[in-house]
**Student:** 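Below: one structure in structure tokens.
When reading the values below, keep in mind they use all heavy atoms of this one structure, side chains included, and skip hydrogens, waters and symmetry mates. This is a predicted model, so every value here is computed, not measured. Quick note on labels: first sequence line is chain A, next is B, and so on, each numbered from 1.
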There are 2 protein chains.
Amino acid sequence: MATTAGGRRIASEGAGEPATLGEAAYQHLRTDIVAGALEAGKPLRLEALRQRYGFSFSPLREALMRLQSERLVLSTALRGFSVAPLSRDEMNDATETRILIESEALRRSMRDGDDDWEAAIVAAFHALSLQVERQSRISDEVDAVDMHAMDERHYQFHRSLIAHCGSPRLLDLADQLYVETQRYRLPCLVGRVAGTQARDVAAEHQQIMDATLRRSEDAVRHLAEHYRRTAATIEASMAWPLPAQSDIRLPR
Amino acid sequence: MATTAGGRRIASEGAGEPATLGEAAYQHLRTDIVAGALEAGKPLRLEALRQRYGFSFSPLREALMRLQSERLVLSTALRGFSVAPLSRDEMNDATETRILIESEALRRSMRDGDDDWEAAIVAAFHALSLQVERQSRISDEVDAVDMHAMDERHYQFHRSLIAHCGSPRLLDLADQLYVETQRYRLPCLVGRVAGTQARDVAAEHQQIMDATLRRSEDAVRHLAEHYRRTAATIEASMAWPLPAQSDIRLPR
DNA sequence: AAATGCAGTTCTTTCGAAAATTTAGTCTTG
DNA sequence: CAAGACTAAATTTTCGAAAGAACTGCATTT
């Protein structure tokens, strides 16, 4: 097995082969939770997971542990794990926290960013634009593969903005919140007819980038609006699971 | 700290006995890392930990996994774990991130806080004051037990300020950063002669509380200064391990 | 009927050993 | 003597089964 450099568990890390089964399990589970293949709120029985993925208990447990600390999985002491439920409150909390973190990171990047940083932003924006164009050219429907390619570019663009903030913690938190909010974004993308959006997301990105390169505080405002608008769109269009009474278990 | 910092993890956790060995291992390891009993930078060999704590591999691994995502432990794919090193950069990053998070949480608490919230702050402040007084009365030297009692009150006070922010994520992050920064604070407290401090920490706390109850933005400023002053004090007084060349391993 | 108590079952958690990989040491070779 | 190759030891990772706790359904009691 080819060893991957053990970087922090960032969203883009998945590229190389995972060095351990635990890592592999983590990646698979995370992908499936984010994509909704493992339904929100449902319990994650170890035996079922073993059959589904072919990992044995130890790596699975390890993966679930990690996912728990990223808020994708819940666990109760002797009752096992479950997929973290989706809710308006969680989404909004995640969105606002993301805005807090990324605003600060963006400010710092704008303060200290160098030419390479700027160049990377322009490049990422371009790559994202190309992807959008290609997609609308090739097919009307957005399928899972397109969606992931798209999402990767989208991630790279947003990350490039804050990349020069100088704080490993902020970048880490941003990554984590990106993944969390992905759970809410992705379901709304699949099956959507390309170009249907009322919003001009591309224009929003352009606005953010331009203001960022101008080192203008407008960038922060645009970014926040961008995220809030996305959250609002999702909140409106999503079929929210009403918090089931039966799922609520009093601790002991 | 009576309550585990990562308050979300387990429903029934808290002060009581940990329900599983994994949880117990987590608590022990965390305590020992924060207190410096497990030296920063040193590798954590599973066999050694098994002998020291009496837990077998599975619970230990689980605990280490959790600690890794809280930045107290590092791990590399097939080379095991080590205690996360201490450094000026990490401390400052943690401090600034903490300020970012708690400032926002404090603002929200001040915006929405009710009478109970205010009462809890006053109570926590009082408890902290009593503890400080008792300590300086009983003995000159600060020992480990005093230190923990003190730290618990201190934690409760700071937490009471932001308790009403309404965001589970912010509270969680604040808890995590509290623990992280504890690694830097605690070593500076042990052995210190009580009342020696040039700073009047009690007065700083009073200032923060007063401004908070007035719902004044000053509270945020005072809080930030409080944290920065602490960081500066530590930065000056601590014997920093110089980043050893030999510890650096290139990942292939 | 509601509450209580009691098997049997399901599921999580833990253990100890086996497998896989890295690390250290030794020897060889150019 | 440095670089490489091989071997042995140390260490992590993984497995599968055993142990322990929670859940289910049913009978019993109030």
Side-chain angles (χ1 to χ4, degrees), chain A residues 1-6 9 16-29 38 41-69 73-83 244-252, chain B residues 9-13 16-29 38 41-69 73-83 244-252:
Chain A
M1 246 186 230
T3 324
T4 315
R9 68 188 75 81
E17 318 263 297
T20 68
L21 294 184
E23 178 68 24
Y26 166 76
Q27 287 178 17
H28 282 231
L29 280 169
L38 293 170
K42 286 276 162 62
L44 292 164
R45 295 280 147 60
L46 286 172
E47 178 54 29
L49 295 177
R50 191 184 65 71
Q51 289 195 356
R52 172 167 185 160
Y53 298 101
F55 301 113
S56 69
F57 291 159
S58 320
L60 283 173
R61 213 143 202 302
E62 185 172 310
L64 290 167
M65 226 61 209
R66 275 172 76 174
L67 291 164
Q68 187 194 12
S69 65
V73 155
L74 301 180
S75 96
T76 321
L78 290 156
R79 295 179 201 168
F81 303 86
S82 62
V83 183
Q245 291 294 53
S246 61
D247 287 350
I248 295 166
R249 287 273 158 82
L250 292 181
R252 309 226 151 176
Chain B
R9 280 184 188 284
I10 286 163
S12 66
E13 71 184 3
E17 292 92 68
T20 67
L21 294 183
E23 178 68 23
Y26 166 76
Q27 287 177 14
H28 282 234
L29 280 169
L38 292 168
K42 286 275 162 60
L44 293 164
R45 294 278 149 60
L46 287 173
E47 178 54 29
L49 295 177
R50 191 185 64 72
Q51 290 195 359
R52 172 166 187 161
Y53 297 102
F55 300 112
S56 70
F57 291 157
S58 319
L60 282 172
R61 214 140 201 299
E62 185 171 309
L64 290 167
M65 225 63 209
R66 277 173 74 174
L67 291 164
Q68 186 193 12
S69 64
V73 155
L74 301 180
S75 94
T76 323
L78 289 155
R79 296 179 199 168
F81 302 85
S82 63
V83 183
Q245 291 294 55
S246 61
D247 287 349
I248 294 166
R249 289 272 159 85
L250 293 181
R252 305 223 146 175

**Student:** Taking the side chain as every heavy atom from C-beta outward, state whether A:L49 and A:L64 have any pair of such atoms under 4.5 Å apart.
**Tutor:** yes

**Student:** Would you say the side chain of A:E62 lies within less than 4.5 Å of the side chain of B:R61, judging by non-hydrogen atoms?
**Tutor:** yes

**Student:** Quick check: do A:L67 and A:Y26 have side-chain heavy atoms less than 4.5 Å from each other?
**Tutor:** yes

**Student:** Within a strict 4.5 Å, meaning less than it, do heavy atoms of the A:S82 and A:K42 side chains meet?
**Tutor:** no

**Student:** B:L21: which residues meet the side-chain contact (heavy atoms from CB on, under 4.5 Å) condition with it, sequence neighbours left out?
**Tutor:** B:F55, B:P59

**Student:** For the residue pair A:L29 and A:L60, establish whether any side-chain heavy-atom pair is separated by less than 4.5 Å.
**Tutor:** yes

**Student:** I'd like a list of close polar pairs between nucleotides 11-15 of chain C and the protein, N/O only, cut-off under 3.5 Å.
**Tutor:**
{"unit_1": "C:dT12", "atom_1": "OP2", "unit_2": "A:L46", "atom_2": "N", "d": "3.1"}
{"unit_1": "C:dT13", "atom_1": "OP1", "unit_2": "A:A77", "atom_2": "O", "d": "2.1"}
{"unit_1": "C:dT13", "atom_1": "OP2", "unit_2": "A:R61", "atom_2": "NH2", "d": "2.2"}
{"unit_1": "C:dT13", "atom_1": "O5'", "unit_2": "A:R61", "atom_2": "NH2", "d": "2.6"}
{"unit_1": "C:dT14", "atom_1": "OP1", "unit_2": "B:L21", "atom_2": "N", "d": "2.2"}
{"unit_1": "C:dC15", "atom_1": "OP2", "unit_2": "B:S56", "atom_2": "OG", "d": "2.5"}
{"unit_1": "C:dC15", "atom_1": "O5'", "unit_2": "B:S56", "atom_2": "OG", "d": "3.3"}
{"unit_1": "C:dC15", "atom_1": "N4", "unit_2": "B:S58", "atom_2": "OG", "d": "3.3"}

**Student:** Using whole Å, report how far CG of B:L60 lies from P of D:dT14.
**Tutor:** 16 Å

**Student:** Please evaluate residues A:E23 and A:R66 with respect to the criterion salt bridge (charged side-chain N to carboxylate O under 4.0 Å, His left out), reporting the C-alpha separation (whole Å), side-chain torsions for both, the decisive distance (0.1 Å), and the verdict.
**Tutor:** CA-CA 10 Å; A:E23 178 68 24; A:R66 275 172 76 174; 2.8 Å; yes

**Student:** Which residues pass the salt bridge (Lys or Arg N to Asp or Glu O under 4.0 Å) test with A:R45, not counting sequence neighbours?
**Tutor:** none

**Student:** Mind checking what makes side-chain contact (heavy atoms from CB on, under 4.5 Å) contact with B:F57, not counting sequence neighbours?
**Tutor:** B:L46, B:E47, B:R50

**Student:** As an exercise, state the distance from CE of A:M65 to CE of B:M65, rounded to the nearest 0.5 Å.
**Tutor:** 10.0 Å

**Student:** Given pairs defined as Watson-Crick or G-U wobble with both distances under 3.5 Å, what dot-bracket annotation applies to DNA chain C, with ( ) intrastrand, [ ] crossing, | other strand and . unpaired?
**Tutor:** ||||||||||||||||||||||||||||||

**Student:** Protein-nucleotides 6-9 of chain C N/O pairs closer than 3.5 Å?
**Tutor:**
none

